[in-house]
Amino acid sequence: MRVLVTGGAGFIGSHIVDALTSRRHEVVVLDALLPSAHGGAHPPSPAGARLVVADVRDRDAVTGVLRGVDAVCHQAAMVGLGKDFADAPEYVGCNDLGTAVLLAAMADAGVRELALAGSMVVYGEGHYDCPRHGQVRPGPRAVADLDAGRFEPQCPSCSAELTPGLVAEDAPADPRNVYAATKLAQEYLASAWARATGGHAVSLRYHNVYGPGMPRDTPYAGVASFFRSALARGEAPRVFEDGGQRRDFVHVRDVAAANTAVLEALPGREPGGYAAYNTGSGEPHTIGEMAAALAAAHGGPAPVVTGEYRLGDVRHVTADSRRLRNELGWQPEVGFAEGMAEFATAPLRDRSRPAAGGQGDVQLS
């Protein structure tokens with residue numbers, strides 16, 4: 001199978017390229033090499049793949065790389081909360097306009113298989129149960145509560161303390177920041193494309209992905225990268241709130257394997273169909289636990305809990321990934337302790353220098 005991987009020179013995308021080529025698929029990478037991820041450096045082509053340097057919003061470039069392609073793995077996106085709301089136009093342009101241009105070109109080219117990089121951020125807060133009212137959906141946390149150090153959401157009906165649980169794919173979407181809104185819009189576009197073209201589309205809703213090759217020292221990276229970058233500088237990881245935020249940390253190699261499983265299963269799916277799958281490890285941990293595990297494996301310094309917060313962050317969101325396991329046979333293989341021990345000393349992607357890669361064709365568009 002010939003697969004186009006957009007964003008394939010990035011953190012997750014490069015691991016997907018490795019997974020696909022190891023299974024003898026032919027891979028073409030389209031990547032704009034955004035400074036927020038690459039610092040303007042020009043990496044060599046990923047091993048075993050051809051790299052085309054172009055923006056996914058460039059219709060002519062996308063049309064050109066789609067020739068002879070059987071499936072698309074769409075990873076190109078701006079990620080994270082960014083710096084402030086001034087980033088909104090760039091997020092919408094990269095993530096939503098870019099996806100629309102790609103899907104329109106796929107429709108014209110007759111490419112009907114799509115694996116999309118989704119995100120757990122589309123849920124907003126995760127699953128909560130109230131002892132009196134059962135499952136509830138708390139609203140956004142109030143600034144006054146956050147300022148006072150009251151981080152746990154309360155029942156919207158009785159203000160009782162809630163018990164967090166696993167969120168499943170049928171939970172209502174409730175994006176609470178610009179990035180989350182753009183990721184949900186990508187899913188809607190993919191679903192509409194599948195219906196209109198008779199294509200097959202799957203969104204893998206990644207939970208907190210970490211592992212070797214994460215970009216360092218960037219406001220657009222995930223919390224694992226923030227902590228690992230601090231340790232590399234000899235500084236203590238700064239843990240926001242009280243460190244009790246629950247997340248599902250999933251290793252990037254497991255995410256790459258999930259994408260490979262989806263791409264290989266797509267041709268057999270119902271035409272015009274769309275599905276979303278949570279992609280998590282199944283091992284919820286708090287952010288404080290993750291920071292402590294990284295610091296211990298790295299040799300310190302120990303994390304510092306600051307009480308700071310970011311508007312748009314949610315308190316708890318952890319994955320129920322049974323659908324992906326049951327329907328596609330995917331199983332995460334890297335456990336939390338093993339993965340954090342590896343990540344604590346693994347190289348990060350320095351945005352001022354080229355990323356590691358193999359030799360191959362490089363085409364500038």
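This chain uses plain numbering: 1 for the first residue, then up along the sequence.
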**Message:** Take a 6.0 Å sphere around CD of Q135 and say whether it holds more than 12 heavy atoms from other residues, nucleotides or ligands.
**Reply:** yes
For the student: nearest non-hydrogen atoms of [X] and [Y], plus distance:
| X | Y | value |
| --- | --- | --- |
| W330 | S321 | CZ3-CB, 4.5 Å |
| R57 | G98 | CG-CA, 3.6 Å |
| A181 | P175 | N-CB, 3.6 Å |
| A107 | T197 | CB-CG2, 3.8 Å |
| D254 | V250 | CB-CG2, 4.2 Å |
| G68 | R2 | O-CD, 3.3 Å |

What I want to check is whether the side chains of [X] and [Y] have a donor and an acceptor closer together than 3.5 Å.
| X | Y | value |
| --- | --- | --- |
| T318 | D248 | no |
| H74 | T99 | yes |
| E338 | H251 | no |
| Y206 | N259 | yes |
| N278 | Y123 | yes |
| S203 | E187 | yes |

Going by heavy atoms in the side chains, are [X] and [Y] under 4.5 Å from each other?
| X | Y | result |
| --- | --- | --- |
| D313 | Y309 | no |
| C73 | T6 | no |
| F11 | V255 | no |
| V62 | V56 | yes |
| S119 | Y179 | yes |
| R246 | V317 | no |
| L311 | R141 | no |
| W193 | L102 | no |

Count I, L, V, M, F, W, Y as connected when their side-chain heavy atoms are under 4.5 Å apart, and connections chain through other members. Are [X] and [Y] then in the same cluster?
| X | Y | value |
| --- | --- | --- |
| L328 | V209 | yes |
| F151 | V143 | yes |
| L166 | L324 | no |
| Y274 | L114 | no |
| L33 | M214 | yes |

Just verifying a value: how many Å separate [X] [atom1] and [Y] [atom2], rounded to the nearest 0.5 Å?
| X | Y | atom1 | atom2 | result |
| --- | --- | --- | --- | --- |
| R216 | L231 | CZ | CG | 11.0 Å |
| S225 | Y210 | OG | OH | 14.0 Å |
| M340 | R228 | CE | CZ | 12.0 Å |
| H25 | M1 | NE2 | CE | 4.5 Å |
| H285 | M290 | NE2 | CE | 11.0 Å |
| R137 | E125 | CZ | CD | 8.5 Å |

N/O donor-acceptor pair under 3.5 Å between [X] side chain and [Y] backbone:
| X | Y | result |
| --- | --- | --- |
| D55 | D58 | no |
| Y91 | V79 | yes |
| T21 | R24 | no |

Inspect the contact between [Y] and [X] and indicate whether a charged nitrogen and a carboxylate oxygen are less than 4.0 angstrom apart.
| X | Y | value |
| --- | --- | --- |
| D18 | R23 | no |
| E308 | R238 | yes |
| R59 | D108 | yes |
| R253 | E333 | no |
| E241 | R315 | yes |

**Working for side chain to side chain contact (heavy atoms under 4.5 Å, CB included), residues V52 and V29** = CA-CA 6 Å; V52 177; V29 170; over 6 Å; no
**Request:** Step by step, work out the salt bridge (Lys or Arg N to Asp or Glu O under 4.0 Å) result for D320 and R325.
**Result:** CA-CA 10 Å; D320 182 345; R325 300 181 191 209; over 6 Å; no
